[in-house]
Amino acid sequence: MAEKKVVILGGGVAGANLAKTIQHQANVTLIDPKEYFEIPWASLRGLVEPTFAERIVINHREYFKKGDLVVSSAVNITETAVVTADGQQIAYDYLVIATGHTEPIPKTRRERLDQYKGENAKIKSASSVLIVGGGPTGVELAAEIAVDFPDKKVTIVHKGTRLLEYIGTKASSKALKWLKSKKVDVKLEQSVDLSSSSEASKTYQTSNGETIEADLHFLCIGKPLGSTWIRETLLNNDLDADGRIKVDKHLRVKGKSNIFAIGDITDVQEIKQGMYASAHAQVVAKNLKLLIEGGGKEHKLGTYKAQPPISMVSLGRKIAVAQFPFMTVLGRLPGMIKSGDLFVGKTRKELGVEPNVKKS
């Protein structure tokens with residue numbers, strides 16, 4: 001009997017984990033606009049330490065060895081196939097959408113590593129850095145620069161009333177206090193109009209009329225969801241108001257028996273982060289195996305329950321602020337859990353690649 005065709009859209013945390021897990025259970029095709037998987041929560045360390053980026057940018061073929069890899073983007077979905085930007089029609093029995101967020105990054109691993117080196121060179125040559133956005137990305141980037149380059153002037157401008165608004169106020173306060181102790185200037189309830197500024201002039205105006213001088217700026221605000229294209233497909237009515245895909249407890253698109261969605265693209269009400277995306281992948285891997293085996297196993301399908309708001313934000317290499325359901329902690333203990341290696345060795349091992357190999 002012919003192997004069932006499983007098509008996975010997106011090679012981020014959820015898509016990569018699923019592709020690795022089920023590649024021997026079906027005829028799997030992974031469709032992704034880039035040739036590699038990147039460990040997203042470790043990317044900021046790569047900006048201050050380019051050799052670290054060697055470990056976080058992993059060619060898909062290092063862990064996904066059996067199935068087909070299509071380096072392109074999906075532009076349409078029919079009842080039986082996915083249409084890609086380069087004109088291919090790829091048939092599926094089961095489809096999994098894991099397109100997460102979109103961002104303009106290079107196609108090849110070498111180009112991505114060169115990009116990290118270029119950004120690092122800019123940071124090294126700058127005496128002052130402006131970071132626009134005080135969410136986890138902005139806070140972690142400010143911390144990485146403040147710890148590795150303590151002589152540089154770092155400024156965060158954030159439009160919200162507090163940093164890290166996606167988690168509790170205690171974590172926000174602890175992070176703010178730590179950043180100030182490292183002489184990071186934090187300006188809340190302000191924004192920066194980058195269109196009226198330029199790195200050539202090295203001056204930026206805030207919404208409060210303040211002028212900030214900076215040799216370099218980083219925009220650390222939310223990335224757009226990778227679902228805009230879905231509005232032109234048969235799933236156009238399966239998106240919520242925010243553009244997330246509505247899923248049931250089995251992580252199937254509601255009303256569809258053979259289409260799943262996992263990762264940040266889903267409407268599961270939880271903090272969007274890597275460990276939960278990995279958990280989505282494991283549930284869907286189990287469910288695909290059951291459905292492929294057949295024999296009326298629908299009642300055995302695994303379910304996914306939204307997880308509590310646990311989060312850990314690294315503050316440099318040794319310290320982190322962690323929010324758990326029962327407490328919020330800042331210090332070396334959460335730092336030992338995350339900040340040293342940022343779970344990179346663990347993630348590489350889970351993908352079946354050597355934890356410390358640095359391939360160029």
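- Applying the 6.0 Å contact sphere to CD of Glu293 captures more than 12 heavy atoms from other residues, nucleotides or ligands.
- Counting only distance, with no hydrogens or angles, the side chain of Asn287 and the backbone of Gly302 share a donor-acceptor pair below 3.5 Å.
- Annotation for Gly226 and Thr99: closest pair O-OG1, 2.8 Å, computed over non-hydrogen atoms.
- Atom NZ in Lys153 sits 13.0 Å away from atom CD1 in Ile145 (nearest 0.5 Å).
- Here the OG-CD1 distance, from Ser314 to Ile319, works out to 10.5 Å after rounding to the nearest 0.5 Å.
- At least one donor-acceptor pair under 3.5 Å links the side chain of Asp32 to the backbone N or O of Gly11.
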Legend entry - Full working for side-chain contact (heavy atoms from CB on, under 4.5 Å) between Lys338 and Met312: CA-CA 8 Å; Lys338 180 182 180 183; Met312 206 170 291; 3.6 Å; yes
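- Look at Lys223 and Glu103 and you find a salt bridge, because one of the NZ, NE, NH1 or NH2 atoms lies within 4.0 Å of a carboxylate O, short of that distance.
- A continuous path of Ile, Leu, Val, Met, Phe, Trp and Tyr side chains, each step under 4.5 Å between heavy atoms, connects Trp41 with Ile105, placing both in one hydrophobic cluster.
- In terms of heavy-atom proximity, Ile265 sits nearest to Ser227 at CD1-CB, 3.6 Å.
- Cluster annotation: Ile221 and Tyr204 are assigned to the same hydrophobic cluster (Ile/Leu/Val/Met/Phe/Trp/Tyr, side-chain heavy-atom contacts under 4.5 Å, transitive).
- The closest donor-acceptor contact from the side chain of Glu354 to the backbone of Lys349 lies at 3.5 Å or more, if one exists at all.
- Contact annotation: the side chain of Ile292 approaches that of Val6 to within less than 4.5 Å [non-hydrogen atoms, C-beta and beyond].
- Remark: the backbone N or O of Arg55 is paired with a side-chain donor or acceptor of Arg348 at under 3.5 angstrom.
- Hydrophobic cluster membership is shared by Leu234 and Val247, with clusters built from Ile, Leu, Val, Met, Phe, Trp and Tyr side chains linked at under 4.5 angstrom.
- Closest approach of Leu113 and Ala53 over heavy atoms only: CD2-O, 3.5 Å.
- Here the CG-CZ distance, from Leu95 to Phe260, works out to 10.0 Å after rounding to the nearest 0.5 Å.
- A salt bridge is defined here as a Lys NZ or Arg NE, NH1 or NH2 lying under 4.0 Å from an Asp or Glu carboxylate O, and Glu350 with Lys346 meets this definition.
- Counting only heavy atoms from C-beta outward, the side chains of Thr21 and Lys289 approach each other to under 4.5 Å.
- You'll find the side chain of Ile97 reaches within 4.5 Å of the side chain of Leu235, heavy atoms only.
- Of the possible donor and acceptor atoms, none in the side chain of Lys183 sits under 3.5 Å from a partner among the backbone N and O of Lys152.
- In this view, Thr78 satisfies the side chain to side chain donor-acceptor pair (under 3.5 Å) rule with no residue, not counting sequence neighbours.
- A ring pair (Phe, Tyr, Trp, His ring centres under 6.0 Å) check over residues 97-116, counting only residues at least two apart or in different chains, returns nothing.
- Residues in residues 308-346 take part in these ring pair (Phe, Tyr, Trp, His ring centres under 6.0 Å) pairs, two or more places apart or across chains: Phe324-Phe326.
- Note: Ile39 CD1 to Ile56 CD1 = 6.5 Å, rounded to the nearest 0.5 Å.
- Comment: Asp114 does not engage Arg112 in a salt bridge, judged by the lack of any side-chain N to carboxylate O separation of less than 4.0 angstrom.
- Between the side chain of Arg252 and the main chain of Gly255, no donor-acceptor pair closer than 3.5 Å is present.
- Residues Ile156 and Leu188 share a hydrophobic cluster, clusters being chains of Ile/Leu/Val/Met/Phe/Trp/Tyr side chains in contact below 4.5 Å.
- Side chain of Gln307 to backbone of Lys305: a donor-acceptor contact under 3.5 angstrom is found.
- Thr206 and Asn208 share no donor-acceptor pair across their side chains, judged by distance under 3.5 Å alone.
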Inset, instruction - Given side-chain contact (heavy atoms from CB on, under 4.5 Å), test Phe64 with Leu351 step by step and report yes or no. - result: CA-CA 9 Å; Phe64 179 58; Leu351 285 173; over 6 Å; no
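- Heavy atoms only, all atoms of each residue included: Pro40 and Ser43 are closest at O-OG, 3.0 Å.
- Scanning both residues, Asp240 and Arg231, for their nearest heavy atoms gives O-NH2, 4.2 Å.
- Each ring pair (Phe, Tyr, Trp, His ring centres under 6.0 Å) pair with one or both residues in residues 292-313, not counting sequence neighbours, appears once here: His280-Tyr304.
- For Glu210, the CD atom sits in a packed shell: over 12 heavy atoms of surrounding residues, nucleotides or ligands are nearer than 6.0 Å.
- Atom CG of Leu301 sits about 9.5 Å away from atom NZ of Lys249, to the nearest 0.5 Å.
- The CD1 atom of Ile230 sits 11.0 Å away from atom CD of Glu232, with the distance rounded to the nearest 0.5 Å.
- Judged by distance alone, the side chain of Arg317 and the main-chain N or O of Arg45 form no donor-acceptor pair under 3.5 Å.
- Listed here is the closest heavy atom pair of Leu288 and Tyr94: CD2-CB, 3.7 Å.
- The side chain to side chain contact (heavy atoms under 4.5 Å, CB included) search around Asp93 returns Lys4, Lys5, not counting sequence neighbours.
- Look at Glu79 and Lys256 and you find no salt bridge, because none of the NZ, NE, NH1 or NH2 atoms lies under 4.0 Å from a carboxylate O.
- By the 4.0 Å N-to-carboxylate-O rule, Lys66 lies close enough to Glu3 to be salt-bridged with it.
- Residues Phe218 and Leu130 form no side-chain contact, since every pair of their non-hydrogen atoms from C-beta on lies 4.5 Å or further apart.
- When the options Ile31, Thr29, Leu30 are evaluated for a side chain to side chain contact (heavy atoms under 4.5 Å, CB included) with Asp68, the one that passes is Thr29.
- No side-chain heavy atom of Gln323 sits less than 4.5 Å from a side-chain heavy atom of Val313.
- Residue Ile337 is grouped with residue Leu330 when hydrophobic side chains (ILVMFWY) are merged at heavy-atom distances under 4.5 angstrom, including chains of intermediate members.
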Inset, instruction - Test side-chain contact (heavy atoms from CB on, under 4.5 Å) on Val283 and Thr303 and set out the steps. - result: CA-CA 7 Å; Val283 169; Thr303 60; over 6 Å; no
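- Using a 4.5 Å heavy-atom cutoff, the side chains of Asp267 and Ile245 are not in contact.
- Among pairs with a residue in residues 159-180, those fulfilling side-chain hydrogen bond (donor to acceptor under 3.5 Å, both in side chains) read His158-Glu165, Arg162-Ser172, Tyr166-Ser311, at least two apart in sequence or across chains.
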Legend entry - Residue pair His60, Arg109: steps toward the side-chain contact (heavy atoms from CB on, under 4.5 Å) verdict: CA-CA 10 Å; His60 290 311; Arg109 180 176 185 268; over 6 Å; no
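- Within the 4.5 Å cutoff, no side-chain heavy atoms of Asn258 are placed close to those of Leu291.
- Between the side chain of Asp242 and the backbone N or O of Arg244, no donor-acceptor pair lies under 3.5 Å.
- Looking at Ser128, its side chain does come within 3.5 Å of a backbone N or O of Asp215 through a donor-acceptor pair.
- Proximity of Lys202 to Glu213: side-chain heavy atoms (C-beta onward) are nowhere separated by under 4.5 Å.
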